[in-house]
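Here's the structure we're looking at; comments come further down.
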Amino acid sequence: MADAKLPLSPGATLGILGGGQLGRMLALAAARLGFDVVILDPEEHSPAGRVAARQIVAPYDDRWALKRLAEACDVVTYEFENVPEAAVAELTALGVGVAPGAKALAAAQDRVAEKSFLAEIGVPTVAFAAVEDDASLAAAVAKIGAPSLLKTRREGYDGKGQAWLQRPADAAAAFDRIGRQPAILEAPADFVRELSVIAARGRDGEIVCYPLSENHHEGGVLRRTSAPAQVSAAIRDHAESIAAKILTALDYVGVIGVELFELAGGKLVVNEFAPRVHNTGHWTQDGCEVDQFEQHVRAVAGWPLGPTAARAHVEMTNLLGPEVETWAKLAAEPESRLHLYGKGEARPGRKMGHVNRLRPLKD
Ligand code: AMP
């Protein structure tokens with residue numbers, strides 16, 4: 001049903017489930033467009049809560065907190081895909097719209113559901129099989145072979161909850177390593193590059209895509225993104241058609257990040273998608289006309305989508321753990337734009353900020 005509040009007028013209030021750095025950058029973009037932001041996060045003084053009008057400190061499934069959020073907000077979005085589905089259902093029942101919707105969330109929360117959905121809509125992925133117990137593990141190994149990658153179905157991120165099987169005989173040990181949780185066994189993608197496409201769909205069904213980015217991971221964590229990636233028109237068109245298929249099939253509203261493997265010969269397969277703004281889209285803050293954060297706010301607010309063209313070439317580097325202590329040196333580099341998340345403790349590997357290094361597009 002159409003929401004009578006849309007498009008949201010400046011002065012309206014946007015709720016965000018999750019108070020991490022993505023919520024923080026969404027809140028800053030929303031503030032620039034004249035919205036107030038209320039964050040729900042169980043952790044006091046969260047990175048997003050400290051730049052928002054207000055934070056409700058409570059677990060995501062706390063009914064009283066969800067009621068307060070629904071009362072305060074005209075529309076609610078989220079900054080991470082592991083928001084409990086029940087929280088979204090509760091907010092919807094309380095009469096506040098949540099975007100992206102429950103369908104996107106359900107597909108993105110479970111790697112088997114995600115890859116089955118992609119297969120249904122004709123989007124290529126690596127071969128996969130579901131694993132629940134020793135019998136289905138044996139069947140999955142018989143189907144997929146080895147080497148192969150065992151991942152937990154739920155809650156995995158940044159390479160966590162994953163174990164490689166070099167040989168079929170490694171299967172039991174790999175299953176033990178991921179805690180014998182429901183899992184997916186994936187064929188290895190023999191990729192030449194990891195690419196991603198950040199795209200958005202508006203309330204009216206309009207779709208826009210950003211130029212592709214090339215991504216480098218270390219230990220499963222994104223280290224660097226370079227964008228716009230040098231890709232053929234055929235690869236760009238294929239990536240954009242994949243994003244459009246996913247967005248349309250999910251009746252999606254907001255920004256999505258679609259991670260792709262480019263195989264030898266230029267074939268693309270989808271690794272996964274994230275129903276939110278995405279780390280590989282941080283380059284758009286300094287590289288594109290309208291960045292992914294403002295784009296997401298525009299989409300959920302029912303505003304027209306903004307232009308996505310690149311204005312500069314950007315190399316985005318995540319500042320992990322103590323690397324953030326180089327901030328003064330980075331701030332002195334004329335080509336660098338620093339984005340820090342205001343997190344207290346620089347634990348090893350923790351995403352503390354990122355730097356976008358710019359150069360002219362024509363290099
Ligand atoms: P994910 O948590 O699924 O995004 O995986 C994290 C990283 O692990 C990816 O960015 C890839 O570098 C690598 N990876 C994930 N799945 C596969 C696969 N099926 N084959 C090869 N590498 C993979």
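Residue numbers count from 1 along this sequence. Just follow the structure's listing: the first ligand is 1, and inside any ligand the first atom is 1.
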Ligand 1 to Ala189 polar contact by distance, N or O atoms, under 3.5 Å: yes
Proximity to ligand 1 by part of Glu114, non-hydrogen separation under 4.0 Å: neither
Within-shell test, Ser148 vs ligand 1, heavy atom, strictly < 4.0 Å: no
Close-contact set for ligand 1 against His217 heavy atoms, below 4.0 Å: 10 (O)
Residue pair Tyr210, Gln295: steps toward the side-chain contact (heavy atoms from CB on, under 4.5 Å) verdict: CA-CA 11 Å; Tyr210 286 91; Gln295 195 74 275; 3.2 Å; yes
Sub-4.5 Å side-chain heavy-atom contact between Gln285 and Met316: no
Of the listed options Val221, Ile184, Leu149, closest to atom 17 (C) of ligand 1 (non-hydrogen atoms): Leu149
Separation of Glu194 CD from Asn215 CG (nearest 0.5 Å): 7.0 Å
Contact atoms of ligand 1, heavy-atom distance to Lys151 under 4.0 Å: 3 (O), 15 (C), 16 (N)
Close-contact set for ligand 1 against Gln162 heavy atoms, below 4.0 Å: 1 (P), 2 (O), 3 (O), 5 (O)
Under-4.0 Å heavy-atom contact with ligand 1, by part of Asn215 that carries it: neither
Pairs touching residues 170-180 that satisfy salt bridge (charged side-chain N to carboxylate O under 4.0 Å, His left out), sequence neighbours left out: Asp134-Arg180, Arg167-Asp170, Asp176-Arg180
Basic-acidic side-chain contact under 4.0 Å: Arg276, Glu81: yes
Centroid-centroid distance, Tyr252 to Phe273, less than 6.0 Å: no
Chi angles and distances behind the side-chain contact (heavy atoms from CB on, under 4.5 Å) call for Gln109, Arg154: CA-CA 6 Å; Gln109 285 186 345; Arg154 291 178 168 269; 3.6 Å; yes
For Arg111, the ligand 1 atoms whose distance to one of its heavy atoms is below 4.0 Å: 2 (O), 3 (O)
Per-atom contacts of ligand 1 with Glu259, taking only distances under 4.0 Å to non-hydrogen atoms: 4 (O)
Under 4.0 Å to a heavy atom of Glu194 - the qualifying atoms of ligand 1, by number: 9 (C), 10 (O), 11 (C), 12 (O)
Per-atom contacts of ligand 1 with Pro188, taking only distances under 4.0 Å to non-hydrogen atoms: 20 (N)
Summary of salt bridge (charged side-chain N to carboxylate O under 4.0 Å, His left out) pairs that have at least one residue in residues 23-51, sequence neighbours excluded: Arg32-Glu294
